[in-house]
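For reference, the structure discussed in these notes is given below.
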Amino acid sequence: MRTKHPRSSRAAGAALAVAALGLGLAAPAAQAKTTAAAPDIPVANVKAHLTQLQQIANANGGNRAHGRAGYKASLDYVKGKLDAAGFTTSVQQFTSSGATGYNLIADWPGGDTSQTVMAGAHLDSVTGGPGINDNGSGTAGVLETALAVSRAQLKPDKHLRFGWFGAEELGMVGSKNYVNSLSSADRGKISAYLNFDMIGSPNPGYFVYDDDPALEKVFKDYFATLSIPTEIETEGDGRSDHAPFKNAGIRVGGLFSGADYSKTSAQAQKWGGTAGRAFDACYHSSCDTSANIDDTALDHNSDAIAYALWQLSTGTTTPPTGDTYENTTDVTIPDSPGAAVTSSVSVTGRTGNAPAALKVGVNIVHTYSGDLVVDLIGPSGKAYRLHNSSSDSTPNINTTYTVNASTETANGTWKLKVQDKGPQDTGYINSWKLTF
């Protein structure tokens with residue numbers, strides 16, 4: 001990740017009107033074809049790539065920076081793996097700071113090229129160190145996922161493309177060059193770009209890009225299956241290779257485990273690690289070596305890359321019938337005895353009353369679902385019970401309820417209300433949505 005610059009202001013809003021957005025995302029009941037299951041990405045394989053990148057840096061002045069021999073050797077290593085796995089690779093050259101730079105692009109045969117799902121990472125380090133977390137981790141995670149595509153001989157409905165960009169540390173030069181080299185028609189064929197810059201930080205957090213609600217939800221849904229809470233990523237806004245794609249009107253998403261910001265006490269309680277210490281104390285330093293990696297974070301994030309690519313590229317899906325209004329902001333549920341918490345969506349632009357079969361999709365991550373009481377609160381203030389406390393000891397709630405809300409006006413503020421009725425539990429509202 002490149003050096004910080006002042007971030008632009010960001011529009012915020014709890015209510016999100018989310019449709020399928022051309023990404024092939026849909027409620028499970030609306031899927032016309034079952035999505036292929038993503039493989040587990042062996043973290044040992046990801047770490048083996050990091051070992052190779054470390055050895056390349058060691059043999060080339062201690063870094064893998066733009067314009068240095070270590071960068072080209074890193075590109076040759078990644079390209080060799082992809083060529084052997086059956087990818088069609090191309091190397092794009094550009095010039096920056098008086099030196100030749102290189103991007104590596106790899107296409108997996110097949111799939112609808114008018115709907116291309118792309119994952120990428122920057123391949124360069126700073127001159128001051130080998131850059132194993134920044135960004136050997138993203139490089140290796142994306143590479144091993146690409147190799148998993150080959151091992152599975154995946155036949156995606158959408159086309160899969162992978163990219164490794166040069167000179168990111170100089171201002172996303174390589175990714176800007178790549179995006180600028182595309183015609184407007186070719187840019188329009190990229191339905192999603194997913195960026196992975198630092199995914200193995202030694203004092204890690206679990207941050208998800210919030211630039212696109214549908215892509216954000218894919219990653220949050222994955223981490224919900226692991227009962228790992230996530231936070232919205234803000235430290236890297238505009239500082240990595242997703243920015244040129246986003247500026248060109250391409251939908252972007254991604255993951256991040258933290259750089260030189262300090263982990264708060266609340267984050268340490270949530271994720272473990274050390275409060276008051278940087279997520280990566282070796283950020284842009286000579287100590288960013290293969291010892292500067294948290295294996296668990298690297299493992300989870302690499303698996304999340306595969307999950308997202310399989311979800312977005314396989315399976316023929318159709319949008320859910322009707323309009324969907326969603327809130328994906330995490331809301332912590334206090335342990336009992338604690339007050340109820342609410343999450344809101346605002347519905348506007350509709351006429352008449354809500355339907356007699358209003359669909360309420362609820363995704364709650366919780367250690368003991370039987371302790372939860374969940375209600376939908378209509379604009380009138382009336383409560384509709386969705387889930388009662390019980391002796392059910394299973395974790396999490398991820399289901400869609402049908403509510404007769406025909407006495408409610410459709411427009412207005414709807415709330416999901418959740419209360420924990422039993423002690424010794426932890427959890428949060430991951431997301432919820434209304435489908436009219």
Side-chain angles (χ1 to χ4, degrees), residues 1-2 64-68 71-72 74-79 81-83 87-109 111 113-126 131 134-136 138-143 145-146 149 158-198 209 211-212 215 236-256 305 308-309 312-313:
M1 180 182 293
R2 79 182 190 93
R64 303 179 301 99
H66 165 75
R68 307 293 181 92
Y71 179 79
K72 185 58 165 58
S74 298
L75 183 140
D76 290 343
Y77 169 75
V78 175
K79 185 177 186 299
K81 291 289 186 182
L82 296 165
D83 288 341
F87 284 82
T88 300
T89 62
S90 60
V91 177
Q92 181 185 55
Q93 292 189 22
F94 58 89
T95 301
S96 180
S97 301
T100 300
Y102 305 92
N103 294 327
L104 173 62
I105 307 300
D107 286 270
W108 180 243
T113 56
S114 69
Q115 300 183 73
T116 295
V117 177
M118 185 173 184
H122 77 85
L123 184 55
D124 61 317
S125 72
V126 294
D134 184 17
N135 182 38
T139 287
V142 174
L143 172 58
T145 300
V149 167
K158 300 175 183 64
H159 185 68
L160 276 175
R161 179 175 299 155
F162 299 84
W164 290 264
F165 301 109
E168 187 270 355
E169 298 291 3
L170 302 183
M172 295 91 70
V173 178
S175 54
K176 287 178 183 176
N177 186 276
Y178 173 74
V179 173
N180 290 340
S181 74
L182 299 174
S183 67
S184 58
D186 285 340
R187 291 178 192 175
K189 294 176 182 178
I190 301 177
S191 59
Y193 171 71
L194 307 178
N195 193 60
F196 304 97
D197 187 353
M198 303 178 65
Y209 292 16
D211 302 270
D212 181 271
L215 296 176
D237 285 352
R239 294 170 55 194
S240 193
D241 290 311
H242 60 293
F245 288 85
K246 182 179 179 181
N247 293 340
I250 297 168
R251 299 181 183 101
V252 300
L255 299 174
F256 176 56
I305 297 172
L309 290 181
L312 295 172
S313 70

Under the side chain to side chain contact (heavy atoms under 4.5 Å, CB included) rule, what do L312 and L215 come out as? Steps first, then yes or no, please.
CA-CA 9 Å; L312 295 172; L215 296 176; 3.7 Å; yes

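- E169 CD to Y71 OH: the interatomic distance, rounded to the nearest 0.5 Å, is 11.5 Å.
- Contact annotation: the side chain of F94 never approaches that of Y178 to less than 4.5 Å [non-hydrogen atoms, C-beta and beyond].
- For the residue pair M172 and P244, the shortest heavy atom distance occurs at CB-CG, 4.1 Å.
- Atom CG of L194 sits about 10.0 Å away from atom CE of M118, to the nearest 0.5 Å.
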Intermediate values then yes/no, side chain to side chain contact (heavy atoms under 4.5 Å, CB included), D197 and H242:
CA-CA 9 Å; D197 187 353; H242 60 293; over 6 Å; no

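- Residue S313 comes nearest to L309 through the heavy atom pair OG-O, 2.6 Å, listed as atom of the first residue, atom of the second, then distance.
- Residue F165 forms a side chain to side chain contact (heavy atoms under 4.5 Å, CB included) with just one option from I105, T139, V173, and that option is I105.
- Distance check: L255 CG to Y209 OH gives 8.0 Å after rounding to the nearest 0.5 Å.
- The shortest distance between side-chain heavy atoms of V117 and F162 does not fall below 4.5 Å.
- Side chain of R187 to main chain of V179: a donor-acceptor pair is present (N/O by atom type, distance under 3.5 Å, no hydrogens or angles).
- If you run side chain to side chain contact (heavy atoms under 4.5 Å, CB included) between V78 and each of D76, L75, L82, only L82 comes through.
- Contact record, F196 with G254: CE2-CA, 4.3 Å, taken as the closest heavy-atom pair.
- Closest approach of A99 to G67, counting heavy atoms only: CB-CA, 3.8 Å.
- Rounding to the nearest 0.5 Å gives a distance of 4.5 Å between CD of Q92 and CG of N177.
- In this structure, H66 NE2 and S97 OG are separated by 5.5 Å, a value rounded to the nearest 0.5 Å.
- K189 and D186 are joined by a salt bridge, as a carboxylate oxygen and a charged side-chain nitrogen come within less than 4.0 angstrom of each other.
- Side-chain atoms of S191 come within 3.5 Å of backbone N or O of T116 as a donor-acceptor pair.
- When each of D134, N195, N103, D241 is checked for a side-chain hydrogen bond (donor to acceptor under 3.5 Å, both in side chains) with H122, only D134 meets the rule.
- Aromatic ring orientation, Y193 versus F245: parallel (interplanar angle below 30°, classes split at 30° and 60°).
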Would L123 and L104 count as a side chain to side chain contact (heavy atoms under 4.5 Å, CB included) if you check the C-alpha gap in whole Å, the side-chain angles of each, and the deciding distance to 0.1 Å?
CA-CA 9 Å; L123 184 55; L104 173 62; 5.6 Å; no

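- Between F87 and A106, the shortest heavy-atom contact is CD2-CB, 4.0 Å.
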Criterion side chain to side chain contact (heavy atoms under 4.5 Å, CB included) on W164 and Y102, from CA distance to verdict:
CA-CA 9 Å; W164 290 264; Y102 305 92; over 6 Å; no

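- Residues I190 and L182 are in side-chain contact: their nearest non-hydrogen atoms beyond the backbone lie under 4.5 Å apart.
- Distance OG/S240 to CD/E168: 4.5 Å, rounded to 0.5 Å.
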